[in-house]
Amino acid sequence: MASNVYRNGTGSHKGATRPLAASNSSNVKSTSFKSRIPPSNHSPGSAPLRRSNSAGGSDGVPGRVRVAVRLRPRNAEESVADADFADCVELQPELKRLKLRKNNWDSETYEFDEVLTEFASQKRVYEVVAKPVVESVLDGYNGTVMAYGQTGTGKTFTLGRLGEEDTSARGIMVRSMEEILANVSPETDSVSVSYLQLYMESIQDLLDPANDNISIVEDPKTGDVSLPGATHVEVRDERDFMELLRTGEAHRIAANTKLNTESSRSHAILMVHVKRSVLGAEDVIPSETDKSSHFAKPPKPLVRKSKLVLVDLAGSERVHKSGSEGHMLEEAKSINLSLSALGKCINALAENSAHVPVRDSKLTRLLRDSFGGTARTSLIVTIGPSPRHRGETTSTILFGQRAMKVENMLRIKEEFDYKSLSRKLEIHLDKLIAENERQQKVFDDEVERINLEALNRVSEVERNFAGALEKERLKCQMEYMESVKKLEEKMIENQQKHGCDGFMQDKCNGEGPGSSIVEDVAEVKKLLEKEIHMRKEAQEEVNKLKSQLGQCPDSGEGGGSEILKLQKALADEVLQKKKLEEEMIILRSQMLQLTFEADQMRRCLGRNGSANAYGGLDSPMSQVRGSLNGHKTPVAALFEQVGLQKILALLESEDANVRIHAVKVVANLAAEEANQERIVEAGGLTSLLVLLRSYEDENIRRVVAGAIANLAMNETNQELIMIQGGINLLSVTASRAEDPQTLRMVAGAIANLCGNDKLQTKLRSEGGIKALLGMARCGQPDVLSQVARGIANFAKCESRASTNGIKSGRSVLIDDGALPWIVQNANNDSSPIRRHIELALCHLAQHEVNAKDMISGGALWELVRISRDCSREDIRSLARRTLNLSPIFRAEMRRLRIEV
Ligand code: ADP
Ligand code: MG
């Protein structure tokens, strides 16, 4: 049956019409109207980057124009008028087929992408026809949904119904807009709408009726079409949009009244412009907290501009029935120009014709991207059921069939959003500047805090140090005072006991009371006698044992052991004897020493008139020997009785022992001022100097130096010592001596000489100062004390000479290199040393000529210390006065911010 034959149209009498099954069966068999575009990952506000051609991307995706057919139900008039006739079409929606009845026995079958019966709901129509296009628009593609069909078949019903009373009646325009608004982000995206009417090749703005001749502008590079003159209204919600549609509709009616036309003659075009910001996956905007990304690559905002064009075309019957409504032919031509041009373009595209007459009409220019362009396009062809309009229905179906062959190449329009990029960069930069400033502030604050902390610490340490120093100073002072007190007490005690004084006084004091020495001597003698007695007894015992041994020569084994025992006892006794003999020797030597010292003691006591009852001796020799033998021989009496000459003669004795004791005697005699003159007169000084020169024996030299030191207490003697070459001799002795006692004596002698104003030059020229300083090497406090005393004496005389104008120029002490030693010992632990040096420093400081050397040598600090800390008020004020009087010191103290 011919009516049952499926007409695919290929090579059939409908030559121009090639049903889709033949050319693209896979498309035809597709059960879905949806696009084959790869699904996008789009989500509002953060659509991922998908580069398009315009942003240097890939080629487009093929996308054929999709065509659905919708049948309008019979209206009231048709129900009546065509009551006896069957519909001119029969739909097979499940097969997406439409049978067009040519007559009662013949029909043609066509396949569409979707076949929508008279019962199809508006929602379903939207979902199969428009939704895929809307989704593409949200993805950045251009999209077109267009209704084509005879007037009264439901184009406006399908596209433009507002459904204000019944929301299920809402058409594609409202639903599309709802979907777009639901999917865009108000922060990053924007949606704007233009609503236009194309009538007689002129474009009117339905949102601004005064604007009735809008021109089309084409971008010569991209071919993009735009209507810059049209009103673009930003749409934020559905209410805005409904209001807009209502306004547009009202203006359309008004315009049509004015133009004496009706809406079916004009094309209504709703343009929805969607602008969306997208970011590449790698271009993530740094978050507030992500500090590491401050210097990361700034984000590259991209913007996707897409356009949804919804076209409610003029009735298709106009193409064929021009002028039928009473218009002039030219006018009719003009009315239909766009629609017929669209038909021609679609034909050309369907047939892959080389030339597509796009520029023939405004409609085709406006829809340039929709057919054969980059947009996703859906066409809904509306038909009525009435067999009376079979011709119109047929041509509509054929239009749809041709449109199905039009292949578009879908592309995203995407470009860099330089404005937004610049804005974002500026914000980013401002953030960085603020962050930088904040960090700089934090850094500065931190530096300030550390500085302050350091200062606090320094001052705290300084405070602690000063406190500790003060404490230490007080402690030292206390200790010093304690020891001075003790010494004074001891001295008073000693003086009370012995009344001793003079250079050798300490020696007398150091040996303890004379009575105890006498007792010691008696005790030792007793011990010795006991020992002698014991020895005798032991000897007797030995003899006794020996005789016993002789009496029993054959005592056998028992006797043998007895002998052995006795022999052992004997050996023990011998050993004991030997030990006793040794002990005796030791005791004897001790006694000798004690005897001599006791003699000295007695002399001291005798001098004070406490004891003078000593037996005389025949000769000086016997006196000395007597001493050695432990006889109590007072030296003073000896001096009286024997005579000085004889004692001095003993100085040259052959016997070394005699000699040394003679020197000791002379030295002791010289300790007394009363004897000094006589000793010197008798040539004692000369003899002593000869001894000092000629004897290598350190013991003799020590005692000789002591004697000379005693004699040097006298000013006349000092000069005599100098005249006889004593200074040089003492200097040489000083350099050779090792025994601290010798050094102490020599230093004492030189120190005495230093106190003589007349000897200054000679003392220096004969190496006295250097010798004095040289002796400091031994480090023994007694020696150092004498060295310090000598220096203080010298400084005092020198100062006096300078003051009197006898001396000029720098101190010879400084010339001879004494300053470093002075400074070094200025704060010596031993108070006598310290005291002498403090005085020496004050003397030196009194002369400006020494000031510079003193400053550079560090003496100023010591003077300052003395002026502050010296326990003796007189020295303290002397130092202070001296410092304040010297302009050089004053200037230096000012410079160092020291005040005294
Ligand atoms: P067109 O815009 O194509 O000239 P309209 O949309 O104005 O046609 O429709 C003409 C009439 O038909 C209107 O009264 C409309 O309500 C009605 N109509 C159209 N399509 C349908 C449909 N699918 N279901 C019910 N009524 C429809
Ligand atoms: Mg209409």
Side-chain angles (χ1 to χ4, degrees), residues 8-12 14-28 30 33 35-37 53 59-69 110-114 129 132-133 136 141-149 198 216 218-219 222-225 267 269 307-311 313-314 316 319-320 336-381 394-411 413:
N8 66 12
T10 310
S12 71
K14 295 279 173 190
T17 308
R18 281 178 286 145
L20 275 153
S23 61
N24 194 342
S25 62
S26 64
N27 282 353
V28 169
S30 164
F33 193 68
S35 153
R36 286 183 182 179
I37 297 168
N53 53 336
D59 293 335
V61 182
R64 180 175 60 75
V65 171
R66 304 275 151 167
V67 181
V69 61
Y110 298 95
E111 274 195 19
F112 284 92
D113 290 305
E114 205 64 51
V129 176
V133 179
S136 287
Y141 298 90
N142 282 344
T144 310
V145 178
M146 193 165 74
Y148 181 94
L198 176 61
I216 298 169
E218 281 169 57
D219 186 323
T222 60
D224 281 351
V225 174
H267 312 281
I269 303 159
K307 186 168 68 181
L308 175 65
V309 183
L310 302 170
V311 189
L313 289 169
S316 56
V319 184
H320 317 287
N336 295 312
L337 182 66
S338 281
L339 209 51
S340 48
L342 177 67
K344 282 181 201 158
C345 284
I346 284 176
N347 282 345
L349 285 164
E351 287 161 11
N352 278 327
S353 171
H355 177 66
V356 181
V358 173
R359 305 194 65 81
D360 282 6
S361 77
K362 288 204 170 157
L363 181 67
T364 47
R365 282 172 71 196
L366 275 176
L367 297 177
R368 183 189 183 130
D369 198 39
S370 309
F371 293 92
T374 64
R376 174 185 289 281
T377 297
S378 270
L379 174 69
I380 182 159
V381 293
T394 305
S395 71
T396 300
I397 286 167
L398 293 179
F399 179 85
Q401 289 286 298
R402 282 194 296 279
M404 280 177 82
K405 293 179 187 162
V406 177
E407 195 75 39
N408 285 359
M409 193 56 79
L410 311 191
R411 284 196 190 102
K413 295 275 166 53

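Side-chain contact between Val129 and Glu114: absent, with no pair of heavy atoms (C-beta onward) separated by less than 4.5 Å. Two residues are said to be in side-chain contact when any heavy atoms from C-beta on lie closer than 4.5 Å; Tyr141 and Thr374 fail this criterion. Considering only heavy atoms from C-beta on, Phe371 stays 4.5 Å or farther from Val356 through its side chain. Side-chain contact between Ile346 and Val65 is absent, with no heavy atoms from C-beta onward closer than 4.5 Å. Contact check for Phe112 versus Ile397: side-chain heavy atoms found under the 4.5 Å cut-off. In this structure, the side chains of Ile216 and Lys362 come closer than 4.5 Å at one or more pairs of heavy atoms.
Atom CD of residue Glu351 and atom CZ of residue Arg402 lie 8.0 Å apart, to the nearest 0.5 angstrom. Within the model, atoms CG of Asn347 and OG of Ser353 stand 9.5 Å from one another, a figure rounded to the nearest 0.5 Å. Separating the CG atom in Asp224 from the CZ atom in Arg368 is a distance of 9.0 Å, to the nearest 0.5 Å. Atoms CG and CZ, on Leu410 and Arg64 in that order, are 12.0 Å from each other to the nearest 0.5 Å. Taking OG from Ser340 and CG from Asp360, the interatomic distance works out to 8.5 Å, rounded to the nearest 0.5 Å. Distance CZ/Arg359 to CD/Glu218: 4.5 Å, rounded to 0.5 Å.
The two residues Ser378 and Val133 have their closest heavy-atom pair at OG-CG2, 3.5 Å. The shortest non-hydrogen separation linking Thr396 to Gly149 is CG2-CA, 4.0 Å. Residues Glu407 and Pro62 share a closest heavy-atom pair of OE2-CB, 3.7 Å. Of all the heavy atoms in Pro357 and Thr364, the pair that sits closest is O-OG1, 4.1 Å. Residues Gly400 and Leu379 come closest through the heavy atom pair CA-CD2, 4.3 Å.
Test Thr144, Val311, Leu313 against Ile269 for side chain to side chain contact (heavy atoms under 4.5 Å, CB included) and you get one pass: Val311.
Judged by distance alone, with hydrogens and angles left aside, the side-chain atoms of Asn408 form a donor-acceptor pair with the main-chain N or O of Ala375 at under 3.5 Å. Counting only distance, with no hydrogens or angles, the side chain of Thr377 and the backbone of Ser370 share a donor-acceptor pair below 3.5 Å.
Taking the charged nitrogens against the carboxylate oxygens, Asp369 and Lys307 have no contact shorter than 4.0 Å, which rules out a salt bridge.
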